[in-house]
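Worksheet: the structure to be examined is printed underneath.
Numbers here simply count residues along the sequence, with the first being 1. Basis for what follows: all heavy atoms, side chains included, without hydrogens, waters or symmetry-related copies.
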Amino acid sequence: MNVVLLGPPGAGKGTQAKLLGKARSLVQLSTGDMLRAAVASGSGLGRKAGDVMERGELVPDELVIGLIAERMDQDGKASGFILDGFPRTIAQAEALDRLLAGRGKRLDAVVEMRVDDEALVKRITGRFACADCGEGYHDPFKMPKVPGVCDRCGGTEFVRRRDDTEEVVRARLMAYHTQTEPLIGYYGPQGKLRTVDGMADIDTVQEEIVEALDGKG
Ligand code: AMP
């Protein structure tokens with residue numbers, strides 16, 4: 001089964017994709033994670049993408065389509081993919097259809113996670129993570145039990161994403177509404193679109209996603 005998780009930045013796509021990936025043995029493909037890794041490695045692609053990401057704008061279609069194609073080939077034996085953060089434009093959605101068809105696969109379902117903009121700004125500007133193990137935290141919703149010490153690994157260094165400031169979050173939301181939301185009109189008529197309430201807690205959203213997918217397997 002191949003699934004796209006669609007939703008604004010901070011809707012919880014990454015968290016839900018990891019849970020669903022484990023539950024259904026799907027390979028998670030996150031273009032945001034791939035791009036951050038490229039930026040950290042200092043590769044040519046990372047240098048091209050870094051400035052765009054810091055402004056909260058979208059990286060050119062051909063770069064992310066290339067990344068996804070490469071990863072699909074590396075994970076060619078996967079029983080299915082869960083795509084999080086891709087596609088983000090109609091051109092990317094069309095490319096995804098072609099990439100899957102070229103590998104004898106197809107997109108089974110698109111799950112849209114709905115969250116209102118002001119809640120997203122609060123969610124995103126509060127989030128931070130352990131620099132050692134990546135455990136995610138949130139100020140004020142999920143602080144480490146011992147202040148300044150990671151619950152999972154005991155690390156004492158924490159990091160925030162450079163694009164999680166309020167100004168950049170608002171730019172990312174604008175990009176979502178103008179460039180990504182039209183995908184709802186692309187997938188709706190194909191009968192692939194399911195919508196869940198992304199405002200609920202993590203477990204409830206996961207249950208809703210699983211219910212939305214059942215019957216689409
Ligand atoms: P994310 O982690 O999905 O919120 O992505 C972080 C940033 O990476 C976005 O704000 C974009 O600048 C860039 N990005 C991630 N995925 C895509 C994509 N599919 N198309 C264009 N830009 C992307």
task: I would like to know whether Leu29 and Phe86 meet side chain to side chain contact (heavy atoms under 4.5 Å, CB included); could you show each step before the answer?
output: CA-CA 8 Å; Leu29 299 180; Phe86 181 93; over 6 Å; no

task: Determine, stepwise, if the pair Met72 / Lys105 fulfils side chain to side chain contact (heavy atoms under 4.5 Å, CB included).
output: CA-CA 11 Å; Met72 279 187 174; Lys105 301 173 193 285; over 6 Å; no

task: Take Arg71 and Asp73 through the salt bridge (Lys or Arg N to Asp or Glu O under 4.0 Å) test and state the conclusion after the steps.
output: CA-CA 5 Å; Arg71 286 292 292 275; Asp73 287 337; over 6 Å; no

task: Check the pair Glu118 / Arg170 against salt bridge (Lys or Arg N to Asp or Glu O under 4.0 Å), numbers first and verdict last.
output: CA-CA 10 Å; Glu118 290 315 308; Arg170 293 207 183 270; 3.3 Å; yes

- request: Show your working on side chain to side chain contact (heavy atoms under 4.5 Å, CB included) between Met53 and Arg162 and close with a plain yes or no.
  value: CA-CA 9 Å; Met53 292 168 76; Arg162 293 170 70 94; over 6 Å; no

field: Val111 vs Lys13, side chain to side chain contact (heavy atoms under 4.5 Å, CB included): CA-CA, chis, key distance, verdict
entry: CA-CA 10 Å; Val111 181; Lys13 299 186 298 294; over 6 Å; no

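For Leu26 against Met1, the heavy-atom pair with the smallest separation is CD2-O, 3.3 Å. What you find for Asp108 and Lys192 is that their closest heavy atoms are O-CG, 4.0 Å. Minimum interatomic distance between Phe158 and Val149 (heavy atoms only, all atoms of both residues): CZ-C, 3.9 Å. In terms of heavy atoms, Pro87 sits closest to Ala93 at CB-N, 3.4 Å. In terms of heavy-atom proximity, Ala109 sits nearest to Leu213 at CB-CD2, 3.6 Å. Closest of all the heavy-atom pairs between Ile90 and Tyr186 is CD1-CB, 3.8 Å.
The 12-atom threshold is exceeded at CD of Gln74, counting heavy atoms of other residues, nucleotides or ligands nearer than 6.0 Å. Within 6.0 Å of CD in Glu167 there are 12 or fewer heavy atoms belonging to other residues, nucleotides or ligands. For Lys122, the NZ atom is loosely surrounded, since the number of other residues' heavy atoms within 6.0 Å does not exceed 12.
Proximity of Leu107 to Tyr187: side-chain heavy atoms (C-beta onward) are separated by under 4.5 Å at one or more points. Val210 places a side-chain heavy atom less than 4.5 Å from the side chain of Arg24. For the pair Met113/Val196, a side-chain contact is recorded, criterion being any heavy-atom separation below 4.5 Å from C-beta on. Side-chain contact between Asp132 and Cys150: absent, with no pair of heavy atoms (C-beta onward) separated by less than 4.5 Å. Within the 4.5 Å cutoff, side-chain heavy atoms of Gln206 are placed close to those of Gln16. No side-chain heavy atom of Tyr137 sits less than 4.5 Å from a side-chain heavy atom of Met143. Inter-residue side-chain proximity for Gln28 and Leu20 is flagged as unmet; no heavy-atom pair is nearer than 4.5 Å. Side-chain atoms of Glu166 and Val121, non-hydrogen and from C-beta on, do get closer than 4.5 Å to each other.
For the pair Arg103 (side chain) and Leu99 (backbone), a donor-acceptor distance under 3.5 Å is present. At least one donor-acceptor pair under 3.5 Å links the side chain of Arg160 to the backbone N or O of Thr125. Judged purely by atom type and a 3.5 angstrom limit, Arg123 uses its side chain to pair as donor or acceptor with the backbone of Gly10. The backbone N or O of Pro144 lies less than 3.5 Å from no partner atom in the side chain of Asp151, so there is not a single donor-acceptor pair. The main-chain N or O of Gly80 is never found under 3.5 Å from a side-chain atom of Asn2 such that the two would form a donor-acceptor pair. Distance alone, capped at 3.5 Å, places no donor-acceptor pair between the Thr15 side chain and the Ile202 backbone. The main-chain N or O of Gly85 is found under 3.5 Å from a side-chain atom of Thr31 such that the two form a donor-acceptor pair. Judged by distance alone, with hydrogens and angles left aside, the side-chain atoms of Arg47 form a donor-acceptor pair with the main-chain N or O of Gly42 at under 3.5 Å.
Residues Leu58 and Val52 are members of separate hydrophobic clusters, defined by side-chain heavy-atom contacts under 4.5 angstrom among Ile, Leu, Val, Met, Phe, Trp and Tyr. Tyr176 and Ile124 are not part of a single hydrophobic cluster, where members link through side-chain heavy atoms under 4.5 Å apart. At a threshold of 4.5 Å between side-chain heavy atoms, the hydrophobic network of Ile, Leu, Val, Met, Phe, Trp and Tyr places Val64 and Leu183 in one connected group. By the criterion of side-chain heavy atoms lying less than 4.5 angstrom apart, applied directly or through intervening Ile, Leu, Val, Met, Phe, Trp or Tyr residues, Leu96 is grouped together with Val59 in one hydrophobic cluster. Cluster annotation: Leu67 is connected to Val39 through the hydrophobic network of ILVMFWY side chains, with a link wherever side-chain heavy atoms come within less than 4.5 Å.
Looking only at atom types and distance, the side chain of Thr195 has a donor-acceptor partner in the side chain of Glu112 under 3.5 Å away.
To the nearest 0.5 angstrom, Gln179 atom CD is 9.0 Å from Gln92 atom CD. Rounding to the nearest 0.5 angstrom, the gap separating the CG atom in Asp84 from the CG atom in Leu6 is 11.0 Å. Rounding to the nearest 0.5 angstrom, the gap separating the CG atom in Leu19 from the CD atom in Glu207 is 11.5 Å. In this structure, CD on Glu70 lies 9.0 Å from CE on Met34, to the nearest 0.5 angstrom. Between atom OG of residue Ser25 and atom CD1 of residue Ile82 there is a gap of 12.0 Å, rounded to the nearest 0.5 Å. Interatomic distance, CE of Met199 versus CZ of Arg114, reported as 12.5 Å (0.5 Å rounding).
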